[in-house]
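Bear in mind the structure is a predicted one, so any value in this text is a computation, not a measurement. Atoms considered below: every heavy atom in the structure, side chains included; atoms not considered: hydrogens, waters and symmetry mates.
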Amino acid sequence: MSATSPLRPVLPPDIRARKGQSPLVVLTAYTTPMARLVDAHCDVALIGDSVGMVLHGLPSTLGVTMEMMILHGRAVVRGLVRAMAVVDMPFGSYEESPQQAYRNAARLMVETGAPAVKLEGGEHMAETIGFLTRRGVPVMAHIGLTPQAVNTLGGYRVVGRDGAAEGVVADAQAVEVAGAFAVVLEKVPVGLAARITQGLTIPTIGIGAGVQCDGQVLVVDDMLGMFTDFRPKFVKRYGELGAAADEAIATYAADVRARRFPGPEHGFADEAPKGSRS
Ligand code: KIV
């Protein structure tokens with residue numbers, strides 16, 4: 001059970017009020033069953049656009065569409081009782097203008113039932129964040145490594161080293177002033193993330209940004225060990241579900257080939273037992 005009030009669903013002001021309190025717990029979720037698991041233990045279920053890479057096999061998040069976010073957002077919201085859903089705005093759905101961002105953010109909220117959106121960008125998105133928050137769209141910002149900008153950044157690199165620290169600080173301040181209720185810091189050096197966290201009045205939620213952030217987020221499939229070939233430094237694996245699934249599927253395949261499955265207990269007799277309806 002998380003530390004926010006268990007009596008009603010978590011909303012953006014609850015998250016904002018957790019600044020300086022116990023750490024916020026955030027995981028991604030893309031499906032109803034995973035949302036139910038996350039709901040029992042986390043404050044926020046993030047329907048990240050990472051869904052494109054994790055569940056759809058895309059090479060980056062750039063190919064993720066509004067339709068994908070709506071489909072997965074709805075599925076997650078159905079599985080939540082307490083945790084707050086935050087749905088990612090996909091690449092190309094908000095960068096053009098504040099008006100475009102509002103149209104798509106409102107659509108995401110209305111069609112999924114999520115009470116907040118997340119978008120990538122700092123100073124250059126501040127005007128849009130202000131436009132959205134003044135019109136009833138709570139925004140979680142995302143700065144540091146912004147995966148939708150992978151082509152301009154030149155890879156999934158740490159952001160904030162080699163003289164770039166002040167730019168990340170300026171981004172953090174800009175999204176706070178614009179009205180974001182929280183900000184994700186991705187792949188920001190730990191000292192810089194701690195400095196940003198101390199300087200802001202809104203919570204920072206780190207991913208690869210050290211323990212001093214006000215909360216932590218991970219892609220749930222990463223921390224469950226669903227992938228054997230993907231081991232980023234910032235992910236701690238709390239399970240080895242990929243290996244367990246591989247073993248289970250291999251055993252099933254061997255059983256089917258050897259006619260060990262199905263067994264008599266998995267079949268139905270030709271005559272229904274008396275009193276049975278199956
Ligand atoms: O898309 C996503 O899952 C994210 C988190 C990694 C923060 O943006």
Side-chain angles (χ1 to χ4, degrees), residues 10-13 15-16 26 28-30 44-53 56 58 60-77 84-153 159 167-186 196 200-205 207 217:
V10 175
L11 288 171
I15 299 298
R16 192 183 177 131
V26 184
T28 63
Y30 316 119
V44 174
L46 172 66
I47 304 101
D49 61 352
S50 52
V51 68
M53 298 172 80
H56 295 267
L58 293 174
S60 74
T61 56
L62 299 184
V64 174
T65 62
M66 284 287 290
E67 284 66 33
M68 286 162 76
M69 296 313 301
I70 289 167
L71 191 74
H72 289 286
R74 272 188 192 151
V76 168
V77 168
M84 184 176 81
V86 175
V87 60
D88 251 345
M89 300 200 70
F91 178 67
S93 72
Y94 61 97
E95 301 88 333
E96 197 178 320
S97 66
Q99 289 77 6
Q100 181 215 23
Y102 179 79
R103 258 194 317 279
N104 285 318
R107 187 172 165 218
L108 286 173
M109 288 173 69
V110 169
E111 296 193 27
T112 66
V117 300
K118 176 166 83 58
L119 59 80
E120 295 183 8
E123 273 187 301
H124 68 286
M125 289 310 300
E127 184 192 349
T128 293
I129 293 171
F131 190 90
L132 294 180
T133 54
R134 285 193 297 276
R135 287 163 179 77
V137 178
V139 176
M140 178 180 280
H142 182 156
I143 63 171
L145 169 62
T146 46
Q148 293 174 8
V150 60
N151 293 323
T152 34
L153 293 171
V159 174
V168 186
V169 172
D171 282 341
Q173 288 168 346
V175 299
E176 167 172 305
V177 169
F181 69 88
V183 56
V184 170
L185 304 181
E186 180 162 353
I196 290 172
L200 292 187
T201 62
I202 57 172
T204 58
I205 299 170
I207 174 164
V217 58

Quick check: closest heavy atoms across Glu176 and Thr201, and the distance to 0.1 Å?
OE1-N, 2.7 Å

Stepwise side-chain contact (heavy atoms from CB on, under 4.5 Å) test for Ile205 and Val44:
CA-CA 11 Å; Ile205 299 170; Val44 174; 5.8 Å; no

Between OG1 on residue Thr61 and CD on residue Glu120, distance to nearest 0.5 Å:
6.0 Å

Show the nearest heavy-atom pair for residues Met84 and Pro115, with the distance to one decimal.
CG-CG, 3.5 Å

Atom CZ of Arg16 and atom CG of Leu11: how far apart are they, to the nearest 0.5 Å?
14.5 Å

Using the side-chain hydrogen bond (donor to acceptor under 3.5 Å, both in side chains) criterion, which residues pair with Asp171? Sequence neighbours excluded.
none

I'd like to know whether CD of Glu127 has more than 12 heavy-atom contacts from other residues, nucleotides or ligands below 6.0 angstrom.
no

Decide, yes or no, whether a salt bridge links Glu67 with Arg107 under the criterion of side-chain N to carboxylate O below 4.0 Å.
yes

Can you check whether Val26 reaches Val86 side chain to side chain, under 4.5 Å on heavy atoms?
no

Out of the candidates Leu145, Ile143, Val217, only one should pair with Glu186 under the side chain to side chain contact (heavy atoms under 4.5 Å, CB included) rule; please name it.
Leu145

Please name the pair of heavy atoms, one in Ala45 and one in Val76, separated by the smallest distance, quoted to 0.1 Å.
CB-CG1, 4.2 Å

Has the side chain of Arg135 got a donor or acceptor atom that lies under 3.5 Å from a matching backbone atom of Phe131?
yes

Please step through side-chain contact (heavy atoms from CB on, under 4.5 Å) for the pair Leu119 and Leu132, ending with a clear verdict.
CA-CA 11 Å; Leu119 59 80; Leu132 294 180; 3.8 Å; yes

For Glu111 and Arg74, work out which heavy atoms get closest and say how close.
O-NE, 2.9 Å

Test side-chain contact (heavy atoms from CB on, under 4.5 Å) on Thr112 and Ile47; report intermediate values, then the result.
CA-CA 10 Å; Thr112 66; Ile47 304 101; over 6 Å; no

What heavy-atom pair brings Ala141 and Ile129 nearest, and what distance separates the two atoms?
CB-CD1, 4.1 Å

Could you check whether any side-chain N or O of His72 sits under 3.5 Å from a backbone N or O of Tyr30, counting only pairs where one atom can act as donor and the other as acceptor?
yes

Between CD of Glu96 and CZ of Arg103, what distance do you get to the nearest 0.5 Å?
7.5 Å

Glu95 side chain to Gly92 main-chain N or O, any donor-acceptor pair under 3.5 Å?
yes

To the nearest 0.5 angstrom, please state how far the CE atom of Met66 sits from the CG atom of Asn104.
4.0 Å

Gln148: side-chain hydrogen bond (donor to acceptor under 3.5 Å, both in side chains) partners, not counting sequence neighbours:
Asp49, Tyr94

Could you grab the distance from atom CG of Leu108 to atom CD1 of Ile70, nearest 0.5 Å is fine?
5.5 Å

Spacing of Asp88 atom CG and Met68 atom CE [to the nearest 0.5 Å]:
11.5 Å

Looking at every heavy atom in both Pro90 and Ser93, which two are closest together, and how far apart are they?
O-OG, 2.7 Å

